[in-house]
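Chain identifiers are assigned alphabetically (A, B, ...) following the order of the sequence lines, protein sequences preceding nucleic acid strands; residue numbering begins at 1 within each chain.
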Protein chains: 2
Amino acid sequence: MQKKVIKKSDIGIRSKNEAKILEGAVIVFSRKGLDGTRLTDIATECNLPKANVYYYFSNKTEIYERLIENVLAGWDKAFEHIKPDLEPEDAISEYVKAKLEYARNNIIESKFFTFEMLRGGQFLSKKQRQHIVQVTRKYEQVVEYWISEGKLKPLDTRHFFIILWASTEFYANYSNIAELTLGKHKLTKTDFEQAHKSIVQNILNGCLPQQ
Amino acid sequence: MQKKVIKKSDIGIRSKNEAKILEGAVIVFSRKGLDGTRLTDIATECNLPKANVYYYFSNKTEIYERLIENVLAGWDKAFEHIKPDLEPEDAISEYVKAKLEYARNNIIESKFFTFEMLRGGQFLSKKQRQHIVQVTRKYEQVVEYWISEGKLKPLDTRHFFIILWASTEFYANYSNIAELTLGKHKLTKTDFEQAHKSIVQNILNGCLPQQ
DNA sequence: TAACATTCTGACACTTTAGTCAAGTTTGTA
DNA sequence: TACAAACTTGACTAAAGTGTCAGAATGTTA
C-alpha cells in the first residue's frame, strides 16, 4: 500500500514515477480523451508494466483528475506575470502573445483540456469552476476600468475575452485546420508571430478602414 | 448480405435505419470521440440490438467515416447561401451570424468534428482536405478583393478567417466555459445574439476608440 | 399465396481491458 | 548487515467489448 503521508521518500522514487506516469498519461489523453484511453496505453507510453501504474494510481480517472489540477495550475503560472497596469494596447498584445506562446509550447495540455470541455467539463470541480470565473472576472474588471477611462470603446467584456481565448487556443487545438489554411505542413514560430500580429491588429483596430 | 446497389428498397427501411443509426452514433461520438465510443453505446443510443447495427455497418469506423462526410456536406449547405457580393460590413456580419447559428443548432456536429481535429484529422481524406482549402480560398479571395478596393484594411486573410471561425465555433465546443463566463446555466438565443454583436463590432471596428 | 429477398435478433466465440495478488527486488535506516 | 518499508512485475480472474451466425420474422412480387 502506498502512503499518502509526505516523507523523505516522496522526493524520491514515488514522485519521480508519479511524474513519469502523469507525463505519459497526458499524451495519451490528449490523443484519445478520457473514454478512449486504456490504462494499458498509458503504461506503454511511459514504459512501465501496467501493475506498476496501478501501484501509484488506483485507476485512470485518478490520473485524469490529477492532470486537470496540473493543467489549471500551469495556466495560472503562465499568465500571472501579465501586468494589467499597462496601457490597453500593450496589455492586450502581451496577453495574446502569452496565450499563443502557451498554445505553441503546450499543445498537449491544450488538447487535453479541450477533450474535457467536449465531454462536458464533468471533472471540473466546483472550486475549479469558481477559480476560472474569478480569474476571468479579474481581467474583465481591468478592461472595464479601461472603458471607464475612455481608453477602450464600450464593449461586452465577456464576449471580448471569448474572442481572445478562442482565437489563441485555435492554433493548438485545430492545428490541422490552421496548417491547412496556412498551407503549411507544420506551424512554425513565424506562423505564431503572424497570428499574434493579426489578432492584435484586428482586435485593437478592426478591419474597416478609418473613414 | 446488404446490397450497395441503389434500389427502391433503399428509400425504405434501409435508408431509414441507416439514418437512425447515424443519428444515434453522432451523439455518442460527440460525447466520447471515436476511440471512446463502443458499438454497444451506439446501439443503445438508437434503441437497436447490436447485431442489427452490424447488419447495416461492418464496424464503427464505417459509421464514423459516413458521419465525417455528412458533417462536411452539412457545412457546405449551411454556408453556400452567403453572398460575397455584399459590402464587407454586411457580408461579414452575415457570415458570423450564419456560423453562430450553425454552432447553436448543431452543437453535436461541431463537437464531433472537433474530436476528429483533436485526434489529428486522420479521417479527413485528401479530397476533403482539398475541399476545405478550396472553400477557404474562395472566401479569402473575396476579402482580398475588398482590400484591393480599399474597403478593408490590408490584413492577413488566413488569420482573419481563423479569428472568425475560432470565435464562432467556441460557443459550441466550449459551451461550458462560455456558460461559466457569461454566468448562465445554459446559453440562450440572446447570448448568441450578443455574441454576434460583439464579434462583428470588434472584428469590424476594433476595441480602440478612434483618435 | 408461394417463393424469394430483406431485415431482425438472441446466442455464441473470441479478444481486449481492468484490476488483483503474491512473490520477488530494491532502498532506507538503525 | 539486517530488517522493514517501499517498490516492481508476471500471471491471473472477471468483466466488457467485438463481431458472427443461424434461424425467425417481415416485406416484396408475381
Protein within reach of the bases, or only the backbone? For nucleotides 18-25 of chain C, mark each nucleotide 5' to 3' as B, S or -, using heavy atoms under 4.0 Å. BBBB----
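A/Tyr145 is linked by a ring pair (Phe, Tyr, Trp, His ring centres under 6.0 Å) to nothing, counting only residues two or more places apart in sequence or in another chain. Remark: A/Thr188 pairs with A/Lys184, A/Thr190, A/Asp191 by the side-chain contact (heavy atoms from CB on, under 4.5 Å) rule, at least two apart or across chains. Checked against ring pair (Phe, Tyr, Trp, His ring centres under 6.0 Å), B/Tyr139 has the following partners two or more places apart in sequence or in another chain: B/Tyr95. Applying the side-chain contact (heavy atoms from CB on, under 4.5 Å) test to B/Arg158 and every residue at least two apart in sequence or in another chain returns A/Thr181, A/Leu182, A/Gln194, B/Glu140, B/Asp156.
The side chain to side chain donor-acceptor pair (under 3.5 Å) contacts involving residues 64-73 of chain A comprise A/Glu18-A/Arg66, A/Tyr64-A/Glu116, where partners must be two or more places apart or lie in separate chains.
At D/dA6, none of the side-chain N or O atoms of A/Arg14 fall inside 4.0 Å of OP1 or OP2 (strictly under the cut-off). Checking the phosphate oxygens (OP1, OP2) of C/dC8, no side-chain nitrogen or oxygen of B/Tyr55 falls inside 4.0 Å. Considering only side-chain N and O atoms, B/Asn17 lies under 4.0 angstrom from the phosphate OP1 or OP2 of C/dC8.
Atom pair B/Asn52:CG and D/dA24:P shows a separation of 18 Å (rounding to whole Å applied). Note: CG (B/Asn47) to C1' (C/dC8) measures 15 Å, nearest angstrom. Going from atom CD1 of A/Ile13 over to atom P of D/dA5 covers 16 Å, rounded to whole Å. In this structure, the NZ atom of A/Lys16 is 18 Å from the P atom of D/dA6, given to the nearest Å. Between the CD1 atom of B/Ile63 and the P atom of D/dG19 there is a distance of 10 Å, given to the nearest Å. If you measure from atom CD of B/Glu62 to atom P of D/dT18, you get 15 Å, rounded to the nearest angstrom.
Classified by interplanar angle (parallel below 30°, tilted 30° to 60°, perpendicular above 60°), the ring pair A/Trp75/A/Phe113 is perpendicular.
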